[in-house]
Amino acid sequence: MHHYSYVKGENQIIMEGSCPGKRIPPKLNADGNPKGIQFTAILNLQISNSRGVVHVLDGRKLKVEGSDWAILLLVSSSSFDGPFTKPIDSKKDPTSDSLSALKSINNLSYTDLYARHLDDYQSLFHRVSLQLSKSSKRVSGNGPLHMKKHMANNNDLFFKRSEDDTVSTAERVKSFKTDEDPSLVELLFQYGRYLLISCSRPGTQVANLQGIWNKDIEPPWDGAQHLNINLQMNYWPALPCNLKECQDPLFEYISSLSINGSKTAKVNYEAKGWVAHQVSDIWAKTSPDRGQAVWALWPMGGAWLCTHLWEHYTYTMDKDFLKNKAYPLLEGCSLFLLDWLIEGRGGYLETNPSTSPEHMFIDPDGKPASVSYSSTMDMSIIKEVFSAIISAAEILGKNEDGIVQKVREAQPRLLPTRIARDGSIMEWAVDFEDPEIHHRHVSHLFGLFPGHTITVEKTSDLCKAADYTLYKRGEEGPGWSTVWKTALWARLHNSEHAYRMVKHLFDLVDPDHESNYEGGLYGNLFTSHPPFQIDANFG
């Protein structure tokens, strides 16, 4: 990124820079460059009062000599002012904002800052405990996850490594295949909660493909919000792991998608309501992305996200949230779905055109294809959304709303989930030949998890078919695929297979040769696609 840095006074380094305003072809001259997001970072240095001196080098560096201790405060800000303000129109001044943030903490001691951090973090983290083992091994690494309540005044004590017999996290992952240490499963579970607490809070952006831990200027898949499993999986732990506040950015993001999505519904489909497709971004993009239909042509991303709204209510019973946030978004989504559905054969309501995310089939002419009608995932998501808005309407006294009446009429006409000739769940409305039976996506099992239309208690025939579908799909796949299959096996009450998938995740990935792996964990417990992708940590 274009940037420069300079020393201010004797104890601050300020960096200011800008992002490109668009993807610039390499040969475009600078004059054709629109304004992009501006950013600033400030590093503030404090040293012991009694001794030590700070030297300014080259106007850009600070050198500390003879000091007992040093504290570095880092603050940063950008001119991003939400998805509806262009960078050139933003009134935010990232340098001024950064200086204000620094001023608000500058008079706090390190001990105060650390205690405030612990109070903030642990109020969320300590809500859930999980014990799978009688004792936990000590872990060494770059820093402890379970930190002391109050830091010792002597910094040296805090940063000293324990002399105990410790083993690195990477070694523990490597040895899991043989020792199956249950405390490592505990750690991975709590690590997922730690990551969500650390990257998604009220006022932040949604967690993207790398959470907030992207290291690249141009990350894989742009580090974007992908709506056909990845963004949703990022928020799977929020409710069952008692972190409901961490969902706030997701709900704000869905609200932004609904604004852009109403334009996409009108322009692309002449439909009411709102829609979002598979690939979005920080600007809440809702239109189909450029590229092949197999992944770009999928207008169910917003509908899947809407299921999180109802799920939030079922956990919190927050009627104000249901009335003011969830119901209007469910209503807009349902309006689009009603317009999108058409009457097909046998009087069923169907989606057409339709794809099953990122997966091809062999058409009757023997050629690979991806576009058909009424994919099982389409219908499963629509059933969940329709069920949610009807349940919400009953609670809010909106049973007589026109939209609710239309949804009630449509429900029994939705194409049912079908079983293929081989006994598996059909992925498409036609029993096409599948050229890649071990495909990473298991979209046609949405009704089992995270949906609720396939259950052991009520649909034993479909559960039997789902069991065979998972067996047929196999165990290989990227990290997020592994944990989705874990959840699916768990919903089938098959603990043996669920645990097999957990074990499958414990494969130590060499970051220098990551293309040799599929799924697995890096030495710091980040999950691998490869490359690093955070969704499986949350899954």
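Sequential numbering from 1 along the given sequence is applied to the chain's residues.
Within the structure, the ring pair (Phe, Tyr, Trp, His ring centres under 6.0 Å) test picks out the following pairs touching residues 240-265 (sequence neighbours left out): Phe251-His312, Phe251-Phe321. Each salt bridge (charged side-chain N to carboxylate O under 4.0 Å, His left out) pair with one or both residues in residues 301-313, not counting sequence neighbours, would appear here, but there are none. Identified under the side chain to side chain donor-acceptor pair (under 3.5 Å) test for residues 295-308, with sequence neighbours left out: none. Note on residues 506-523: no pairs pass salt bridge (charged side-chain N to carboxylate O under 4.0 Å, His left out), not counting sequence neighbours.
Ring centroid separation for the pair Trp310 and Tyr315 does not come in under the 6.0 Å cut-off. For Phe125 and Tyr121, the distance between ring centers is under 6.0 angstrom. For Phe336 and Tyr269, the gap between ring centers is short of 6.0 Å.
Side-chain atoms of Ile47 and Trp69, non-hydrogen and from C-beta on, never get closer than 4.5 Å to each other. Residues Glu475 and Met501 form a side-chain contact, since some pair of their non-hydrogen atoms from C-beta on lies under 4.5 Å apart. At least one side-chain heavy atom of Ile42 sits under 4.5 Å from a side-chain heavy atom of Leu99. The shortest distance between side-chain heavy atoms of Asn106 and Gln46 falls below 4.5 Å. Residues Leu227 and His277 have side chains not in contact (no heavy-atom distance under 4.5 Å, counting atoms from C-beta outward). Side-chain contact between Asn524 and Tyr191 is present, with at least one heavy-atom pair separated by less than 4.5 Å. Taking the side chain as every heavy atom from C-beta outward, Leu195 and Phe526 approach each other to under 4.5 Å.
For Lys92, the NZ atom is densely surrounded, since the number of other residues' heavy atoms within 6.0 Å is greater than 12. The environment of Lys86 atom NZ is sparse: at most 12 non-hydrogen atoms of other residues, nucleotides or ligands sit within 6.0 angstrom. With a 6.0 Å radius and a threshold of 12 heavy atoms from other residues, nucleotides or ligands, Glu245 has its CD atom above the threshold. For Lys174, the NZ atom is loosely surrounded, since the number of other residues' heavy atoms within 6.0 Å does not exceed 12.
Among all heavy-atom pairs drawn from Ala296 and Pro288, the shortest one is O-CB, 3.8 Å. Here the closest heavy-atom approach between residue Ala303 and residue Ile381 is recorded as CB-CG2, 3.6 Å. Shortest non-hydrogen contact noted between Leu209 and Ala224 is CG-O, 3.1 Å. The nearest pair of heavy atoms linking Ser5 to Ile13 is CB-CG2, 4.3 Å. Residue Cys199 comes nearest to Phe538 through the heavy atom pair SG-CZ, 4.0 Å, listed as atom of the first residue, atom of the second, then distance. When all heavy atoms are compared, the tightest approach of Asn260 to Ala284 is ND2-O, 2.8 Å.
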(request) Begin from the C-alpha positions of Asp97 and Ser100 and carry the test side-chain hydrogen bond (donor to acceptor under 3.5 Å, both in side chains) through to its verdict. (result) CA-CA 5 Å; Asp97 290 348; Ser100 295; 5.4 Å; no
(message) Between Tyr4 and Met15, is the side-chain contact (heavy atoms from CB on, under 4.5 Å) condition met? List the steps.
(response) CA-CA 6 Å; Tyr4 65 100; Met15 177 199 289; over 6 Å; no
(message) Please evaluate residues Ser133 and Ser183 with respect to the criterion side-chain hydrogen bond (donor to acceptor under 3.5 Å, both in side chains), reporting the C-alpha separation (whole Å), side-chain torsions for both, the decisive distance (0.1 Å), and the verdict.
(response) CA-CA 6 Å; Ser133 58; Ser183 66; 4.6 Å; no
(request) Check step by step if side-chain hydrogen bond (donor to acceptor under 3.5 Å, both in side chains) holds for Thr85 and Asp89. (result) CA-CA 6 Å; Thr85 303; Asp89 297 327; over 6 Å; no
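Counting only N and O atoms by type, the side chains of Ser77 and Ser98 include no donor and acceptor under 3.5 Å apart. No donor-acceptor contact under 3.5 angstrom links the side chains of Lys266 and Ser262, judged on distance only. Side chain to side chain, Ser528 and Gln533 fail the donor-acceptor criterion of an N or O pair below 3.5 Å. Donor-acceptor pairing under 3.5 Å is lacking for the side chains of Gln232 and Asp535. In summary, the side chains of Ser79 and Ser90 do not present any donor paired with an acceptor at a separation below 3.5 Å, with no hydrogens or angles considered. In the model, Asn268 has no side-chain atom that pairs as donor or acceptor with a side-chain atom of Thr264 under 3.5 Å.
With sequence neighbours left out, Thr527 forms a side-chain hydrogen bond (donor to acceptor under 3.5 Å, both in side chains) with Asn537. With sequence neighbours left out, the salt bridge (Lys or Arg N to Asp or Glu O under 4.0 Å) criterion links Asp222 to Arg23. By the ring pair (Phe, Tyr, Trp, His ring centres under 6.0 Å) test, His359 is found to be paired with Trp428, His439, residues two or more places apart in sequence or in another chain being considered. Remark: Asp289 engages Lys285 in a salt bridge (Lys or Arg N to Asp or Glu O under 4.0 Å) (not counting sequence neighbours). Shown here are the salt bridge (Lys or Arg N to Asp or Glu O under 4.0 Å) partners of Arg201, two or more places apart in sequence or in another chain: Asp120. For Glu252, the salt bridge (Lys or Arg N to Asp or Glu O under 4.0 Å) partners two or more places apart in sequence, or in a different chain, are Lys325.
Using a 4.0 Å cut-off between charged side-chain N and carboxylate O, Arg172 and Asp181 make a salt bridge.
Taking the six-membered ring for Trp and thresholds of 30 and 60 degrees, His117 and Tyr114 have ring planes inclined between 30 and 60 degrees apart. Between Trp221 and His529, the angle of the ring planes lies from 30° to 60°, which puts this pair in the tilted group.
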Tabulate below the donor-acceptor pairs under 3.5 Å that side-chain atoms of residues 51-66 make, not counting sequence neighbours, or state none.
residue, atom, partner, partner atom, Å
Arg51, NH1, Asp68, OD1, 3.2
His55, NE2, Glu65, OE1, 3.0

Below 3.5 Å, can you tabulate the donor-acceptor pairs from side chains in residues 233-243 to any protein atom, sequence neighbours excluded?
residue, atom, partner, partner atom, Å
Asn234, ND2, Ala207, O, 2.9
Asn234, ND2, Asn208, O, 3.2
Tyr235, OH, Ser200, OG, 2.7
Tyr235, OH, Ala207, N, 3.0

